[in-house]
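Take a look at the structure below.
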Amino acid sequence: MFGDGEGQEFVENMIHGLPSFRNEITVSTLDCLFAMEVGAYAERITAPTLMVLAAQDTVAPVEEAREMYDRILDPKELMEYPGQHCAILSHHFPEVIGRTAQWLAMTMSH
């Protein structure tokens with residue numbers, strides 16, 4: 001599933017100790033991913049939304065995600081980090097988890 005060098009490095013670092021993990025995706029799942037247009041449903045999202053993006057993402061096109069975010073109703077928050085798809089977890093994991101936990105705690109208390 002992650003064929004680029006950064007993706008491979010991420011998988012190798014994150015799955016250490018998970019011998020059953022396989023870095024692959026089924027053809028039928030891949031077909032569904034290309035057929036999905038999640039942005040078309042942005043205005044229907046009513047739950048609080050936290051969107052975490054990689055600024056130079058080419059796996060999940062970041063411009064489409066930003067456009068979708070703009071159309072989602074409040075409450076919402078955008079966290080954006082530099083780098084490619086896996087870089088935010090490879091290089092910013094503690095911060096992403098910490099900020100996500102804070103956001104969830106704040107959202108659940110309202």
Side-chain angles (χ1 to χ4, degrees):
M1 184 167 113
F2 297 110
D4 65 317
E6 186 175 271
Q8 283 295 121
E9 179 184 349
F10 169 77
V11 169
E12 289 169 10
N13 289 334
M14 295 304 280
I15 65 161
H16 189 72
L18 299 172
S20 63
F21 179 84
R22 296 185 342 214
N23 184 26
E24 58 190 39
I25 189 169
T26 66
V27 173
S28 60
T29 301
L30 189 59
D31 189 41
C32 290
L33 289 174
F34 289 121
M36 190 179 306
E37 187 179 339
V38 294
Y41 304 100
E43 289 83 6
R44 294 189 209 175
I45 297 173
T46 58
T49 303
L50 174 64
M51 188 176 284
V52 181
L53 300 177
Q56 290 79 35
D57 200 331
T58 56
V59 175
V62 72
E63 284 304 320
E64 291 177 20
R66 288 181 189 128
E67 290 171 16
M68 180 181 173
Y69 177 82
D70 289 341
R71 295 183 12 238
I72 294 173
L73 301 175
D74 286 327
K76 64 183 179 180
E77 185 175 334
L78 177 66
M79 293 177 10
E80 192 164 322
Y81 292 89
Q84 266 289 351
H85 189 75
C86 296
I88 60 174
L89 295 179
S90 295
H91 305 292
H92 304 283
F93 186 76
E95 183 181 345
V96 170
I97 295 301
R99 287 182 63 189
T100 300
Q102 288 174 344
W103 186 87
L104 287 170
M106 179 190 68
T107 303
M108 301 299 269
S109 67
H110 287 104

Single-linkage hydrophobic cluster L73~M106, side-chain heavy atoms < 4.5 angstrom | no
Do you know the tightest heavy-atom contact between A55 and P82?
-> CB-CA, 4.2 Å
What do the steps show when you test M51 against I72 for side-chain contact (heavy atoms from CB on, under 4.5 Å), and what is the final call?
-> CA-CA 10 Å; M51 188 176 284; I72 294 173; 4.0 Å; yes
Determine which pairs satisfy ring-ring contact (aromatic ring centres under 6.0 Å, His included) with at least one residue from residues 48-82, sequence neighbours left out, and list them in order.
-> Y81-H92
Q56 side-chain N/O to Q84 backbone N/O, donor-acceptor pair under 3.5 Å | no
How far apart are the closest heavy atoms of L53 and I88, and which atoms are they?
-> O-CG2, 3.8 Å
side-chain contact (heavy atoms from CB on, under 4.5 Å) between L50 and R99: does it pass, once the steps are laid out?
-> CA-CA 10 Å; L50 174 64; R99 287 182 63 189; over 6 Å; no
Please test T107 against E77 for side-chain contact (heavy atoms from CB on, under 4.5 Å), starting from the C-alpha separation and ending with a verdict.
-> CA-CA 11 Å; T107 303; E77 185 175 334; over 6 Å; no
Correct closest heavy-atom pair for V96 and T100 would be O-OG1, 2.6 Å
Reported CE-to-CD distance for the pair M68 and E43, which is rounded to 0.5 angstrom = 9.0 Å
Specify the closest pair of heavy atoms between D74 and K76, including all atoms of both residues, with the distance to one decimal.
-> OD1-CG, 3.3 Å
